[in-house]
Amino acid sequence: MNRAISSVLHLLPRIISSSIPAKQFLESDRPQREKLGIAIVVVVVKLEKENLAKLGYWGQMTEIIVSIVAKFSEYLVPLTIRQGQYLFCGHKITKCLEKEKKALASTRDSVQRRIEDASHRAEKVTDAVLGWLNDVKELIEEVELLEQEIEAHSSSCFRGKCPNRKRYSLCKKMEKKTKAMIQLNQKSEFEPFSQPAPIPDIEYFSSENFEYFQSTILAAGQLLEALQDDSGYIIGLYGMGGSGKTTLVKEVGKKAKELRHFDRVLFATVSHSPNIMKIQDEIAELLDLILDERSEAGRARRISMRLQSGERILIILDDVWAKLNLEEIGIPVDGNQKGCKVLLTTRRQDVCDLMDCPKRIPLNLLSEGEAWSLFRKHASIDEDALSSSNPLNDVQRKVCKECKGLPIAIVAVGSSLKGKSSAVDEWKVALQSLRDSKPMDVDEGVRDAFNCLKLSYEYLKSKEAKLLFLICSMFPEDHEILIDDLFKYGVALGICGECFDLARNRLRVCINKLVNSCLLMPCETSQVDLVFRRKNDRVKMHDMVRDVALWIASKDHPIMVNLAKDLNASIDNGAIKDCFALSSWNNNGIDKFPHGLDAPKLQILLLNLFGHRTPLRLTGPCELLEASFQGMKTLKVVALINKYIYQKVAISFPQSLQLLTNLRTLRLVGWDLGDISFVVSLKRLEILDLQESKFKQLPNGIENLNKLKLLDLSLCRIEESCLKIIRRCSQLEELYAFNYGDSSSLGITGPYECFEDDITSPSLQSYKLCIGPFMSHPSKMHSLTTRLLYINGFNPSASDVFVKYLLRRAQDVLLYNLHGGYRNIFPDTVQAVGCMNELTNLQLKNCSEMECLIDVTSSSADQFPIDATPPSLVELHLEHMDNLKQLWCGPLLHCFFEKLQVLKMAYCIQLRSIFPRQCNLQNLKRLSLSKCRTLTSLFPMSVAGTLVKLEYLSITECSELRHIINNEQKDGTDTGEVIVNVPDNFRVILPELKELTISSCGKLEFILPISCVEGLVHLRKIRISDVFKLKYVFGQNDHEDQLSYLSRTKLVPPLRCLEEVELESLPNLLSIFSENYHLSWECLRKLVWRNCPKLSTNSSYSMDFASEDRELPPNLGVHLGKECLISKLEYLSLLKVHELRFIWTDSTLTQTLSLRYLRYLSVTNCRNLKSIFSVVIQRSLPELLELYVGNCEELEEIIAENEEDDNVSTAQVCFPKLTRIEVRRCNKLKSLFSTAIARMLPQLSILTIIDAPQLKEIFRRSSKEGANDEELLMLPNLKEIRLEELKSLVDVGLDTRGLRKVISECPSIRSGTIDSA
């Protein structure tokens, strides 16, 4: 302080003499003014205190000081007050910092919840939201580091009243962070917050069953070559039906996108009767394009504009039968100039001619050897059966030859004969059938295929399976058929039997037979669909198989499938008279139901009147005339389905509907039904499906339909509550009524009614119900569980008897906002309900009154029978349980935890313990904890030993968590120490663990004890971030002999299956292991190492770093012989590895390191890094696609080359697939590569360099080429170049004609170097 006063006294004469003018002083640097202001205040205080004005000299100085203070008071007073606060208001500033940190964390949590909701809606949050979260994360990290610094200096800086320099500095930092948090909190409103996630295009299709043969390899190579040829705009692939064209083009499309030939690959099915609007919809969905236009022409123009936006787009049109006008769809015919190509598949070569395909590629049938190989696979013919002495071998080969090399026929016949390797007679019968039964009423080219597929049909011994196969042909080509729909139709036709519980099992058996015979295919379901349907809820039928089914049906059960625009025109010719089934898929809308249908044999009528997103063309309601049903008295199934998602179309029904006395299934989906009282007259009705419809109420008398077994009200809008009527429907076996939004499908918008009568439904076997509004879609409504009940606002003591009955039998229960004073599930809630013995899955949300899940010490427990036990749960979800403190209270009953497989807990803010010491978690597979901020430990060591099936462990934002596996003394007391004992009866811990994710658990010092390492033989992924106190991933044991015990076991090297490692924001991490372990990197595919500053200097144990050069380990691979190291690394990201100087150098590699799988490399904020690759390493990167380098201040070169290297020519291309290079803020970088390397970048398409002030040339010329060489480099696939803030750049050195260019703040570029020839 005296030094500051002396400085002021030294400056005062100069200020007074105006050697430093006031204006100049006020414009001087802020730090200088702040220091002077503080010093002046201190001087004034000191002078006043000691009354120095009495002294002569000091008296004069006092007057001078007073005049200066007066002169500058208007400028300095606010400044000095603020500076004074830093000295004297430290406690207040600290409290303010804590307050704003909590507020920002709360806002962050709210934003993350919105992100989770958006994810459930299959939406993608905007970059602004993700950027804000990243800023919050970084700021909170900085605040927590500042808090650690404050805590470290609290004894010296914040005790006592005397201000000091450190207090001033820390308080100033705190105020700065506080302001930053306030500003960030104010920016938490986003508009828009999220958008619908892009639908995956060609990646959607699985490659699981694809198999390459010589014919497919040849065709695939020709297709890829044609796609790269700019002289051809449209390419045709032709071959027989069932030869594998569709599967091949999907694989080629995926490969073309993977190779970056195209930005998007779209797939649309054309089929025999093209529906232009449907094709337009498929293309628009994959382009994230909304088509508001009503006409086909308007929609086509919109699509054309999008396709010509500059992206490279491949459009695959599958199954084209005739000339197709591409402009009607919206595909520009000059697409080759716009980056758009078309690949079509067809059965007919002349279609390629009609479409003017310059490239026509055949897909030939399989050779005899290939056909036999495929046949053996699907018929399960083993090696032992191939001997020449086996009498069956010759017959099997002859059967295979009859399939004529057609894959679909081979697969179908082989599958139908699977498992009959010893039945010689059966194989001979099959062979004779294939030879004798040649269909004559089909085209000659497909007779063999039809015959083979018919044989597979005939081998279906079950009549039910055969009829189901024919029913599947009612749907359009490539239609995804819901198994639930097949069940509803199958019941009416007697396929499934009368008892619904067994009927579904029988249906599954039939479907399995058809799938196993390759007559049906399971569907590949997208992630969006998974929210609503399980993957195995749909099947498909190959178009050729469908043709065969319709051909077979034409003999005995004629089926008419109408895809024309006018159904009445299709049926006026009388063709429907003998039909067994009629289905129509009119996507353009009709306003009148088909009238006067004379179809006395018709049993199924399926009308899908409106297509998805298709504009309606109705002037009023859809009218059903009185004569509509008079000629169809044998109808068993009527399905009228409106899938137009934006409008419920009104429909009215005539009295003639009552004449359908045989009707068993009625489906009215997506309509505005108004009054549905007519259904009470359908006495034989078994299934009533009103999904997504709107009506006033369920009619009285529906309970008198004695045969009604299934009622589906899912997603309905019902004006009046129908719970009272449903309670009386005692005949129901299945009931479905779930919804989401502000009302339930039962018409209940508030607290539901309670009725005095004691009515139950003893026949009810399956139900999925939502009682009360649910604002988000219940994601498990289509789970395997047969009895599922979600209730919002449940009060057991004031609940209806019927609801309690449903709850007692439910297997899957969600209780949202449980209230009524119930502090536990067992015994209080269970006692109020009656019992819940069948409960296996339980979800509790926002049940703020609950304190414990199971409390066997409760007084209510004494009122239960002695043998009463809590439910044995398989899955448990707890969320926003504000007062929940523990799961179990009292003596442990093992049954509760023993069957538990999944446990998810979030926002349980008072939870302190989860697992009692005696519990057994032998079946637990997934454990996820989030935001349980008072939880201090997770597993006692005795419990950890029972985790023999745990595969997934995720813990996030549990800020007080200190131990995952906690030490315990023999007396059962918790030591509270970090060190963990290995028990005497040591056994492998977590043997099945595959994924480990830990994030934002600030008090963990290690994740797992090192004694666990040897048992983690299946661990594949480790993700750890924002764990600020973490020193080791696998921590210290308390006795040295424990490690020697592990060494004596001589188990395999630890973590040998590890594929992904992500370590991020771990400021105190020293090493992976606390002991002398060496990781085996042989399977590592992804390494992310970001902001772990201490790991690079103290990791010799865990990562085998070179001690002097600070390099990444050369053993990122496995030894193959003595000459080569092969690494499986695909993704490498390094951030803030400040002491890293080289990633790989040749000097430390005794063998050649091959990075043949590396695809993505990102290096950021590595201050001392000199280069990225060595000359040797850069020649072993055949798969590298993207390279990103940023904020590497000392980086001088990407490849550590020298003059000799520049002159060495190599025949091997160094970066054959590198498509994108981005370099930012590398101050010492002078060039990217030499021109020799640059010439070996055949696929480079995007080049970005920003803020490299010393960069003089992009590609360095060697002395041999000469500095004056004016020849420009040609990069054949370069599409975009971006150069910004390159002050020293003189020469681009590239031919930039035709490129998208962004060039700014490059003042030294020589004129004429851009766009020159």
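Note that these values count all heavy atoms, side chains included, but never hydrogens, waters or copies made by symmetry.
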Backbone of E1284 reached by a side-chain donor or acceptor of S1304 within 3.5 Å: no
Do R1282 and E1280 sit within salt-bridge range, that is, some charged N less than 4.0 Å from a carboxylate O? no
Note: S1065 and K137 closest approach over all heavy atoms is OG-CE, 4.3 Å
Hey, what's the ring geometry for Y1160 with Y1131, parallel, tilted or perpendicular (30° and 60° as the breaks)? parallel
Measure across F1034 and P1009 and return the closest heavy-atom pair with its distance rounded to 0.1 Å. CD2-O, 4.4 Å
Could you measure the distance from the OG atom of S1288 to the CG atom of L1229? Nearest 0.5 Å is fine. 11.5 Å
Is there a side-chain contact between N966 and L938 in this structure, where contact means two heavy atoms from C-beta onward sitting under 4.5 Å apart? no
Test side-chain contact (heavy atoms from CB on, under 4.5 Å) applied to I182 and N185, step by step: CA-CA 5 Å; I182 292 172; N185 213 345; 5.7 Å; no
Value rounded to 0.5 Å, distance of OH in Y952 from CG in L996: 10.0 Å
Please indicate whether R1090 has more than 12 foreign heavy atoms, meaning atoms of other residues, nucleotides or ligands, lying under 6.0 Å from its CZ. yes
Please confirm whether the backbone N or O of K1031 pairs with a side-chain atom of N1068, one donor and one acceptor, at under 3.5 Å? no
side-chain contact (heavy atoms from CB on, under 4.5 Å) between M181 and L97: does it pass, once the steps are laid out? CA-CA 9 Å; M181 287 190 290; L97 181 78; 3.5 Å; yes
Determine yes or no for a side-chain-to-main-chain donor-acceptor pair under 3.5 angstrom, with S1000 supplying the side chain and T956 the backbone. no
Evaluate whether atom NZ of K177 has more than 12 neighbouring non-hydrogen atoms of other residues, nucleotides or ligands under 6.0 angstrom away. yes
Do I914 and L929 come within less than 4.5 Å of each other through their side chains, counting heavy atoms only? yes
Can you find a heavy atom in the side chain of V1223 that is under 4.5 Å from one in the side chain of L1255? no
Could you check whether any side-chain heavy atom of K99 comes within less than 4.5 Å of a side-chain heavy atom of K95, counting everything from C-beta outward? no
Would Y1032 and L1070 count as a side-chain contact (heavy atoms from CB on, under 4.5 Å) if you check the C-alpha gap in whole Å, the side-chain angles of each, and the deciding distance to 0.1 Å? CA-CA 6 Å; Y1032 305 103; L1070 302 176; 3.7 Å; yes
Please check if the number of heavy atoms outside R912 that lie under 6.0 Å from its CZ is greater than 12. no
Can any side-chain N or O of T934 pair as donor or acceptor with the backbone N or O of L911 at less than 3.5 Å? yes
Might you point out which heavy atoms bring P1067 and L145 nearest each other, and give the distance in Å? CG-CD2, 4.5 Å
For L1066 and P1093, work out which heavy atoms get closest and say how close. O-CD, 4.0 Å
Do the side chains of K931 and E957 get close enough for a salt bridge, i.e. N-O under 4.0 angstrom? yes
In terms of side-chain geometry, is the basic nitrogen of K1228 or E1194 positioned less than 4.0 Å from the acidic oxygen of its partner? yes
Short question: side chain of T107, backbone of A103 - any donor-acceptor pair under 3.5 Å? yes
When rounded to the nearest 0.5 angstrom, what distance separates CZ in F1215 from CD1 in I1221? 7.5 Å
Spatial distance of atom CD (E138) from atom CG (D1026) [nearest 0.5 Å]: 10.0 Å
Could you please spell out the steps behind the salt bridge (Lys or Arg N to Asp or Glu O under 4.0 Å) verdict for R1159 and E1130? CA-CA 5 Å; R1159 298 165 62 86; E1130 296 178 2; 5.3 Å; no
For E995 and R1023, what are the C-alpha separation, side-chain angles and deciding distance, and is it a salt bridge (Lys or Arg N to Asp or Glu O under 4.0 Å)? CA-CA 8 Å; E995 292 189 33; R1023 299 187 183 98; 3.6 Å; yes
Apply the test side-chain contact (heavy atoms from CB on, under 4.5 Å) to residues E141 and N1091: give CA-CA distance (whole Å), side-chain angles for both, the deciding distance (0.1 Å), then the verdict. CA-CA 11 Å; E141 286 177 6; N1091 197 16; 4.1 Å; yes
If the test is side-chain contact (heavy atoms from CB on, under 4.5 Å), which one of C958, S959, C1001, C908 qualifies with R933? S959
Report yes or no: is the cationic atom of R114 (NZ for Lys, CZ for Arg) under 6.0 Å from the centre of the six-membered ring of F190, at an angle within 45° of the ring normal? no
Polar side chain donor-acceptor pair, T1219 to S1245, under 3.5 angstrom: no
Beyond-backbone contact of L947 with L953, side-chain heavy atoms, under 4.5 angstrom: no
Tell me, yes or no, whether the heavy-atom count around N134 atom CG, taken from other residues, nucleotides or ligands under 6.0 Å, exceeds 12. yes
Side-chain contact, heavy-atom cut-off 4.5 Å: V136 with I140? yes
Taking atom CG of L1218 and atom CG of L1181, what is their separation to the nearest 0.5 Å? 9.0 Å
Rounded to the nearest 0.5 Å, how far apart are CG of D109 and CD1 of I115? 11.0 Å
Looking at R1225 and N1191, what are the two nearest heavy atoms and their distance? NE-OD1, 3.1 Å
Within the structure provided, determine whether C1083 and L1058 are in side-chain contact (heavy-atom separation under 4.5 Å). no
Could you pull out the closest heavy-atom pair between T94 and M174, with the gap in Å? OG1-CE, 3.4 Å
Going by heavy atoms in the side chains, are E100 and V143 under 4.5 Å from each other? no
